[in-house]
Amino acid sequence: MLTGSNSTWGFMVALFMTLGCAREVFIELPEEEPQVVAICHFTPGSPFYVLLTKSQSLSNTEEPELVVQGDVTISKNGQFFDRLLPVTVNKKQYWVGQDVVEAGQVYGLSVRVPGVANTISAQGSAPKQVPLAPMEINMERDAQEITLNDGTKAVRIPLTLQPALDNVTNRFFAFNIRHSIKTISGGETPVMGEVTVLQSTFITDGRASSLLYNTPEQVVLIDEGFWNISDPVLRLDVIIPYVPEQEMPGEIMVEWRTVSEDYYRYHLSIARQGNNLPLSDPDAVYNNITNGYGNFSGFSFTIDTVRLVR
């Protein structure tokens with residue numbers, strides 16, 4: 001029997017022998033031909049914007065190849081609705097339609113690309129908007145002035161987001177919060193000057209924070225499980241930095257989205273890509289495109305403006 005230091009020495013020898021037997025193993029993953037990737041998030045009152053690219057290997061860090069030739073059409077309830085044409089927007093080519101989206105209608109996407117045997121297709125709709133309850137803020141009663149870590153001043157404003165969930169089965173939502181800052185000119189009678197609109201930051205409790213996900217579309221996705229409580233209200237504290245005597249918070253603008261399940265599943269899967277533990281299998285990105293990859297889904301939205309009454 002090994003005891004004391006002999007036991008430790010025996011363990012070290014066994015460990016060395018184990019490591020000495022280790023070797024690198026290279027696994028060749030199967031390569032597939034590039035597939036068409038279609039991304040389109042449409043909303044009522046706007047035409048369809050479809051981004052078409054080619055899929056590529058994970059090791060390729062370059063921008064995906066754009067699909068610049070093809071036939072892209074939209075159907076509505078199974079009937080031809082619109083033909084999309086290539087248009088350059090912000091130095092990137094999109095396929096853009098002329099007719100606008102209606103809420104609650106089922107649309108189909110069809111893409112035929114030269115050299116690709118199968119037609120790429122998908123179906124989706126933009127759900128009808130679920131409104132928020134009216135929001136009122138009294139700055140003197142509700143707001144709290146705080147000092148941030150860098151010594152600057154900010155105002156902390158409570159905000160409640162309460163959708164009308166009665167008889168609503170689609171409980172997929174997202175939001176974005178912005179605020180305006182008004183500059184104040186000097187003098188005995190302060191005069192409001194330039195107005196700047198900025199992205200807002202917010203804080204919330206632990207449960208809500210764990211069920212919120214940032215998305216590439218700069219909206220925050222709310223986990224569907226959040227609403228499974230007796231008091232389905234999202235309570236936030238909006239933090240607005242400002243310079244006293246020079247600036248004044250003006251309004252809070254809440255963009256509230258009612259999103260389709262396809263939209264929700266897609267953005268949830270993307271958000272979870274960065275939350276996987278080491279050595280765990282990554283979540284697959286949600287795909288609702290037939291014979292290709294991507295997402296074809298809709299959302300409705302409203303922008304509620306809350307004046308910061310003093």
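This chain uses plain numbering: 1 for the first residue, then up along the sequence.
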| Going through the checks in order, is the side-chain hydrogen bond (donor to acceptor under 3.5 Å, both in side chains) test met by Gln129 and Thr258? | CA-CA 5 Å; Gln129 177 71 339; Thr258 302; 2.7 Å; yes
| field | Phe80/Ser75 under side-chain contact (heavy atoms from CB on, under 4.5 Å): CA gap, chis, key distance, verdict | value | CA-CA 4 Å; Phe80 174 83; Ser75 63; 5.8 Å; no
| query | Listed by chain and number, what are the salt bridge (Lys or Arg N to Asp or Glu O under 4.0 Å) partners of Asp150, not counting sequence neighbours? | reply | none
| task | To the nearest 0.5 angstrom, please state how far the CD1 atom of Ile146 sits from the CD atom of Gln144. | result | 7.0 Å
| task | State the OG1-CG distance between Thr302 and Leu132, to the nearest 0.5 angstrom. | result | 6.0 Å
| message | I need the minimum non-hydrogen distance between Val155 and Pro249, along with the two atoms involved. | response | CG1-CG, 3.9 Å
| Does Val219 belong to the same Ile/Leu/Val/Met/Phe/Trp/Tyr cluster as Tyr213, with side-chain heavy atoms less than 4.5 Å apart forming each link? | yes
| request: Write down the atom of Asp262, the atom of Ser297, and the distance for their closest heavy-atom approach. | output: CB-CB, 3.8 Å
| note | So CD1 of Ile240 and CD1 of Ile181: to nearest 0.5 Å the spacing works out to 6.0 Å
| query | Is Leu236 linked to Leu211 within one hydrophobic cluster, defined over Ile, Leu, Val, Met, Phe, Trp and Tyr using a side-chain heavy-atom separation of less than 4.5 Å? | reply | yes
| said: Restricting to side chain to side chain donor-acceptor pair (under 3.5 Å), what partner residues turn up for Thr147, sequence neighbours left out? | reply: Lys153
| Sequence-distant partners of Tyr263, side chain to side chain donor-acceptor pair (under 3.5 Å), two or more places apart | Glu217, Arg257
| message | For Tyr286, is there any backbone N or O sitting under 3.5 Å from a side-chain donor or acceptor partner on Ser269? | response | yes
| Listed by chain and number, what are the salt bridge (Lys or Arg N to Asp or Glu O under 4.0 Å) partners of Asp223, not counting sequence neighbours? | Arg272
| query | Going through the checks in order, is the side-chain contact (heavy atoms from CB on, under 4.5 Å) test met by Leu234 and Thr160? | reply | CA-CA 6 Å; Leu234 179 56; Thr160 58; over 6 Å; no
| message | Using the ring-ring contact (aromatic ring centres under 6.0 Å, His included) criterion, which residues pair with Phe226? Sequence neighbours excluded. | response | none
| query | Hey, any chance Val36 and Ile74 share a hydrophobic cluster, counting ILVMFWY side chains that come within less than 4.5 Å of each other, even indirectly? | reply | yes
| Any idea which heavy atoms bring Ser300 and Thr43 closest together, and the distance? | CA-OG1, 4.0 Å
| task | Flag the pair Arg265 and Glu224 as a salt bridge only when some basic side-chain nitrogen lies within less than 4.0 angstrom of an acidic carboxylate oxygen. | result | yes
| field | Which residues share a side chain to side chain donor-acceptor pair (under 3.5 Å) with Thr53, sequence neighbours left out | value | none
| said: Please say yes or no: joined through hydrophobic side-chain contacts below 4.5 Å, possibly via intermediate residues, are Ile39 and Val50 part of one cluster? | reply: no
| task | Verify side-chain contact (heavy atoms from CB on, under 4.5 Å) between Leu159 and Val238, making sure each step is shown before the conclusion. | result | CA-CA 7 Å; Leu159 190 68; Val238 180; 4.0 Å; yes
| said: For Val254 and Ile303: C-alpha separation, side-chain torsions, deciding distance, then whether side-chain contact (heavy atoms from CB on, under 4.5 Å) applies. | reply: CA-CA 5 Å; Val254 179; Ile303 298 179; over 6 Å; no
| task | In sequence, state the C-alpha distance, the side-chain angles, and the governing distance for Trp256 and Phe173, and then conclude on ring pair (Phe, Tyr, Trp, His ring centres under 6.0 Å). | result | CA-CA 7 Å; Trp256 180 252; Phe173 304 107; 5.1 Å; yes
| field | ring-ring contact (aromatic ring centres under 6.0 Å, His included) partners of Tyr266, counting only residues at least two apart | value | His41
| request: Decide if atom CG of Asn90 counts as having more than 12 heavy atoms of other residues, nucleotides or ligands within a radius under 6.0 Å. | output: no
| query | Considering residues at least two apart in sequence or located in another chain, which fulfil the ring-ring contact (aromatic ring centres under 6.0 Å, His included) criterion with Phe175? | reply | Phe202
| field | Smallest separation among heavy atoms of Gly294 and Val37, with atom names | value | CA-CG1, 4.3 Å
| Ring centers of Phe299, Phe42 separated by less than 6.0 Å | no
| Can you get from Ile229 to Leu161 by hopping between Ile, Leu, Val, Met, Phe, Trp and Tyr side chains that sit under 4.5 Å apart? | no
| request: Check step by step if side-chain hydrogen bond (donor to acceptor under 3.5 Å, both in side chains) holds for His179 and Ser200. | output: CA-CA 6 Å; His179 65 271; Ser200 305; 2.7 Å; yes
| Counting heavy atoms not belonging to Tyr49, are there more than 12 under 6.0 Å from its OH? | no
| message | For Arg178, give me all partners under side chain to side chain donor-acceptor pair (under 3.5 Å), at least two apart in sequence or on another chain. | response | none
| query | Is there a side-chain contact between Thr152 and Val243, using heavy atoms and a 4.5 Å cut-off? | reply | no
Atom pairs and distances, side-chain donor-acceptor, residues 107-128, under 3.5 Å, sequence neighbours left out:
unit_1	atom_1	unit_2	atom_2	d
Tyr107	OH	Glu102	N	2.9
Arg112	NH2	Asp71	OD2	2.8

| request: Flag yes if more than 12 heavy atoms outside Gln218 fall under 6.0 Å of its CD atom; otherwise flag no. | output: no
| field | Qualifying residues under salt bridge (Lys or Arg N to Asp or Glu O under 4.0 Å), relative to Glu65, sequence neighbours excluded | value | none
| message | side-chain hydrogen bond (donor to acceptor under 3.5 Å, both in side chains) for Asn176 and Gln199? Distances and angles first, verdict last. | response | CA-CA 8 Å; Asn176 180 45; Gln199 184 68 34; 2.4 Å; yes
| Thr215 vs Val220 side-chain heavy atoms within contact, under 4.5 Å | no
| said: Give me the atom names and distance for the closest heavy-atom approach of Ser209 to Thr204. | reply: N-CG2, 3.6 Å
| message | Quiz question: by atom type and distance under 3.5 Å, do the side chains of Glu247 and Thr183 form a donor-acceptor pair? | response | no
| request: Might you point out which heavy atoms bring Ser260 and Asn170 nearest each other, and give the distance in Å? | output: CA-ND2, 4.4 Å
| query | Side-chain contact, heavy-atom cut-off 4.5 Å: Trp95 with Leu52? | reply | yes
| field | Distance (rounded to the nearest 0.5 Å) between Ile157 CD1 and Met139 CE | value | 4.0 Å
| field | Residues in ring-ring contact (aromatic ring centres under 6.0 Å, His included) contact with Tyr264, at least two apart in sequence or another chain | value | Phe172
| Side chains of Tyr94 and Lys92: closer than 4.5 Å at any heavy-atom pair? | yes
| Under a 4.5 Å cut-off applied to non-hydrogen side-chain atoms, are Thr196 and Glu194 in contact? | yes
| Measuring from Asn295:CG to Asn288:CG, what's the distance to the nearest 0.5 Å? | 4.5 Å
| field | Rounded distance [0.5 Å steps], OH in Tyr293 versus CG in Asn287 | value | 7.5 Å
| field | Polar contact flag, side-chain donor to acceptor under 3.5 angstrom, Thr88-Gln93 | value | no
